[in-house]
Protein chains: 2
Amino acid sequence: MANETLVTISQRTGFSISTISRVLNGQAEKYRISATTVRLIEEEAKRCNYIPNLLAKGLTTRRTNIIGLLIPSVDNPYFANIASVVICQAKTQGFTTMIVDTMENEKNEQQDVLSLISRKVDGIIIVPCDRDPAFLERISKHNIPIVLIDRYFDATSLPYVCTDNYQGGYEATIHLIGLGHERIACIQGVPYSMPNKERVRGYREALRQNNLEENARVLGTDFSVQNGYLETKLLLNGPSIPTAIFTLSNTILLGAVKAIRESGFRIPQDISIISFDNNTYLDYLDPAITRVSQPTEEIGILAVKILTESIADNKTGDTQILIPPKLIVCNSVSRLAVLEK
Amino acid sequence: MANETLVTISQRTGFSISTISRVLNGQAEKYRISATTVRLIEEEAKRCNYIPNLLAKGLTTRRTNIIGLLIPSVDNPYFANIASVVICQAKTQGFTTMIVDTMENEKNEQQDVLSLISRKVDGIIIVPCDRDPAFLERISKHNIPIVLIDRYFDATSLPYVCTDNYQGGYEATIHLIGLGHERIACIQGVPYSMPNKERVRGYREALRQNNLEENARVLGTDFSVQNGYLETKLLLNGPSIPTAIFTLSNTILLGAVKAIRESGFRIPQDISIISFDNNTYLDYLDPAITRVSQPTEEIGILAVKILTESIADNKTGDTQILIPPKLIVCNSVSRLAVLEK
DNA sequence: TTGAAAGCGCTAACAA
DNA sequence: TTGTTAGCGCTTTCAA
């Protein structure tokens, strides 16, 4: 089993390997191979459990039907979710996924991309962690199609599918303002990362439009629970305690929640909180957390679609898409009475 | 770029492809190739950005350094966590991971295994969803090494690395009993699945040892939030309300928590709850959930270790390991006063 | 309607 | 110390 090749089948049926190949690839009609021949070959193939060698096939056809997926950390519900969508979607298109965890490290990333190319993947979907698109652009130009997801670069020709983070930051902030909040602090993640920058931009713009730009407070340095915890501690012990906190990721959120609870403040009576990233568990926190939900499903599906089309047409894609996120309103934000202002 | 082959380098340097191959594979010493030759070849390889074709290499060596990973649902924090460990661990051993989502469907599973074999993976790590090991055993015998993780079969020769679910079920129940609980309900997942059966067995044994076997109540049918919700609803509206509920997965837990809150009961004052599966968020529920934490890290590392050794030795492994889980005690279980009993 | 044969890029046995 | 050559299993052109 599994050691059968076209040659063995050829020997046993008496037909040439060309004929075997054609039949087994569904090209019998095209070559007008007789029904008897087809039957004989198919029977033998099934009988001996023939399993094609895709390595050999790939070597000759220069197509592997594999797509490479690079993720900064598979062990992050948000990325796991995206990976899941990509894997399943790719499968429906006849592609197998080769997945790599770059561990949020650009050296790994470059090496991993080369490794995938070595394995002759037909295309690459990547959540980039490099700050500079140069490497990926070079690869894309000379080798194989690449689609960025979740993160993109300032000025790049590479196709991408990402959340409209600006929109998300804006809407979350408007939501708070609409409920009477004016002192809204924002705890951010890695400052230079594109999603972070965009979320902050949205936050600031919402404040500006409501003449609250002077109240803008952007704190924090990375997407960690600890960062959320520490910054919130500082906020709650500072001179001007905000009425609402906008955390730019679910990890930051958790840290913030912990700090708030420790301090004895109640959510949302004493302090409102709104966050980025969706997660089932957020519905079970007490109170359930109002948050900006990213369109992971759409991102995954579109990325695969763009990539496979690009593979089929044998050209580099140029579609750049931002998908608006959705605000999920729960109970972590209170309406501020005029008095309290 | 990336269209370079040994032949092109051979032509440009004037050395034979064998020599190029040897140098580029670090066999220069072994073949006593002159330093100059080595330098010349390496320079040219770097200059033209030579990227080896692993398809061709795999075809000749019959080794791909790819391991196949089959997961029932990547979009499940628990499995995502295991996948993450496997991917990273495999990488440290020089293996790339090809991942497939079987969607908890045995037809998919079989097809996916064959597909991976087609791609000539060197070995397979799988969370099986089939109830019958026959297929995997046949594959293992004739083709490539397989290691089961998280789930195993009653009587199988296949190597596996799993949580000691019996132990987990037992300890959780003993923990409850130790705090005075006697009416402990258990909401299970898929009844026939091995982890579930073992957890229930542990639960029953703990009760038996404390002469509480008559109180055993095992309800539920699958690992869904809804199942947890519905069964809890029934429990709370039934004639004999338990003082504690043991949910056999984090999904079931969430459903139970929802039902309990809706009914106005308080955790843990009115009803205690203990669960299976670990997750960061469980620390942020109110109260934080006491749970049995599975040794995902150890499982992933060991599975890769067993598999790669088995690949290296070119034999099917036979290591079968159960790793004890850890009880994480939080605040969702109360001590029952004697009176309340 | 079927077959022969070249070639994909690489390794390794054999030769020199 | 280096080279020649025969495959690995498959597709595909050309021929019949």
Side-chain angles (χ1 to χ4, degrees), chain A residues 1-42 44-45 48-66 117-122 143, chain B residues 1-42 44-45 48-66 117-122 143:
Chain A
M1 178 176 189
N3 302 312
E4 312 293 337
T5 69
L6 293 188
V7 173
T8 53
I9 297 183
S10 160
Q11 290 165 345
R12 281 203 287 262
T13 58
F15 294 100
S16 73
I17 53 172
S18 320
T19 303
I20 315 282
S21 170
R22 284 161 187 152
V23 170
L24 266 27
N25 280 298
Q27 302 193 301
E29 272 196 41
K30 181 171 154 196
Y31 285 92
R32 309 155 136 269
I33 294 171
S34 79
T36 340
T37 307
V38 171
R39 192 172 49 73
L40 253 36
I41 292 175
E42 282 179 343
E44 175 58 18
C48 71
N49 275 309
Y50 171 72
I51 301 179
N53 183 327
L54 263 31
L55 247 37
K57 179 164 183 163
L59 189 57
T60 46
T61 61
R62 289 147 184 296
R63 276 303 202 73
T64 54
N65 283 293
I66 300 175
I117 291 178
S118 238
R119 299 200 179 281
K120 298 297 164 186
V121 298
D122 291 338
N143 294 282
Chain B
M1 178 178 189
N3 303 311
E4 312 293 336
T5 69
L6 294 188
V7 173
T8 52
I9 298 184
S10 161
Q11 290 165 344
R12 280 201 287 261
T13 59
F15 294 99
S16 74
I17 55 172
S18 320
T19 303
I20 315 282
S21 170
R22 284 160 187 151
V23 170
L24 264 27
N25 280 296
Q27 302 194 301
E29 272 198 41
K30 180 171 156 196
Y31 285 91
R32 307 153 139 269
I33 294 171
S34 79
T36 340
T37 307
V38 171
R39 192 174 47 74
L40 254 37
I41 291 176
E42 283 178 343
E44 174 58 18
C48 71
N49 274 309
Y50 170 71
I51 301 181
N53 182 329
L54 263 31
L55 248 35
K57 181 164 182 165
L59 189 57
T60 46
T61 62
R62 288 149 184 296
R63 276 302 205 74
T64 54
N65 285 293
I66 300 176
I117 292 178
S118 237
R119 298 200 180 281
K120 298 296 162 186
V121 298
D122 290 339
N143 295 282

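- Side-chain atoms of B/S10 come within 3.5 Å of backbone atoms of B/F15 as a donor-acceptor pair (strictly under, hydrogens ignored).
- Comparing atom distances between the A/T5 side chain and each of C/dA12, D/dT11, D/dG9 picks out D/dG9 as nearest.
- Minimum interatomic distance between B/S34 and B/T37 (heavy atoms only, all atoms of both residues): OG-OG1, 2.6 Å.
- Note on B/S18: a base of the nucleic acid sits closer than 4.0 angstrom, heavy atoms only.
- Rounding to whole angstrom units, CD1 of residue B/I33 and P of D/dG3 are separated by 9 Å.
- Contact annotation: A/Y31 does not reach the phosphate of D/dT11 (side-chain N/O to OP1 or OP2, under 4.0 Å).
- Where A/L59 and A/T19 each meet DNA chain C at their nearest nucleotide, the meeting point lying more 5' is that of A/T19.
- Closest non-hydrogen pair, B/T64 versus B/V121, comes out as OG1-CA, 3.8 Å.
- The two residues B/T13 and B/L40 come nearest to each other via the heavy atoms CG2-O, 4.4 Å.
- Regarding B/L6, its CG atom lies at a distance of 15 Å from the C1' atom of D/dT5, rounded to whole Å.
- Between the P atom of C/dC8 and the CG atom of B/L54 lies a distance of 18 Å, rounded to the nearest Å.
- Contact annotation: B/S21 reaches the phosphate of C/dT11 (side-chain N/O to OP1 or OP2, under 4.0 Å).
- Across all non-hydrogen atoms, the minimal contact from B/E42 to B/V23 is CG-CG1, 3.9 Å.
- Here the side chain of A/R62 is nearest to one of D/dC10, D/dT4, C/dC8, namely C/dC8.
- For A/Y50, no side-chain nitrogen or oxygen approaches OP1 or OP2 of D/dG9 to under 4.0 Å.
- Over its full length, the helix from C/dT1-D/dA16 to C/dA16-D/dT1 turns its helical axis through 40°, comparing axes from the five pairs at each end and rounding to 10°.
- Residue B/R119 holds its CZ atom at 12.5 Å from CZ of A/R119, rounded to the nearest 0.5 Å.
- The two residues B/E4 and B/C48 come nearest to each other via the heavy atoms CG-O, 3.2 Å.
- When the P atom of C/dA13 is taken as reference, atom CG of B/N25 falls 14 Å away, rounded to whole Å.
- Within the structure, every side-chain polar atom (N or O) of B/N53 is placed at least 4.0 Å from both OP1 and OP2 of C/dC8.
- Side-chain atoms of A/F15 lie closest to C/dT2 of the nucleotides D/dT11, C/dT11, C/dT2.
- Atoms CD1 (A/I20) and C1' (C/dG3) sit 11 Å apart, rounded to a whole Å.
- Here the P atom of nucleotide D/dT2 and the CD atom of B/Q27 are 14 Å apart, to the nearest Å.
- Rounded to an integer number of Å, the gap from CG of B/L55 to C1' of D/dG9 is 11 Å.
- Closest non-hydrogen pair, A/G58 versus B/L55, comes out as C-CD2, 3.8 Å.
- For the OP1/OP2 pair of D/dT1 and a distance below 4.0 Å, the side-chain nitrogens and oxygens of B/R22 include no atom meeting the criterion.
- In this structure, of D/dT2, C/dT1, C/dG7, it is C/dG7 that holds the atom nearest to the side chain of A/T60.
- For the pair B/Q11 CD and D/dG3 P, the interatomic distance rounds to 14 Å; values are reported in whole Å.
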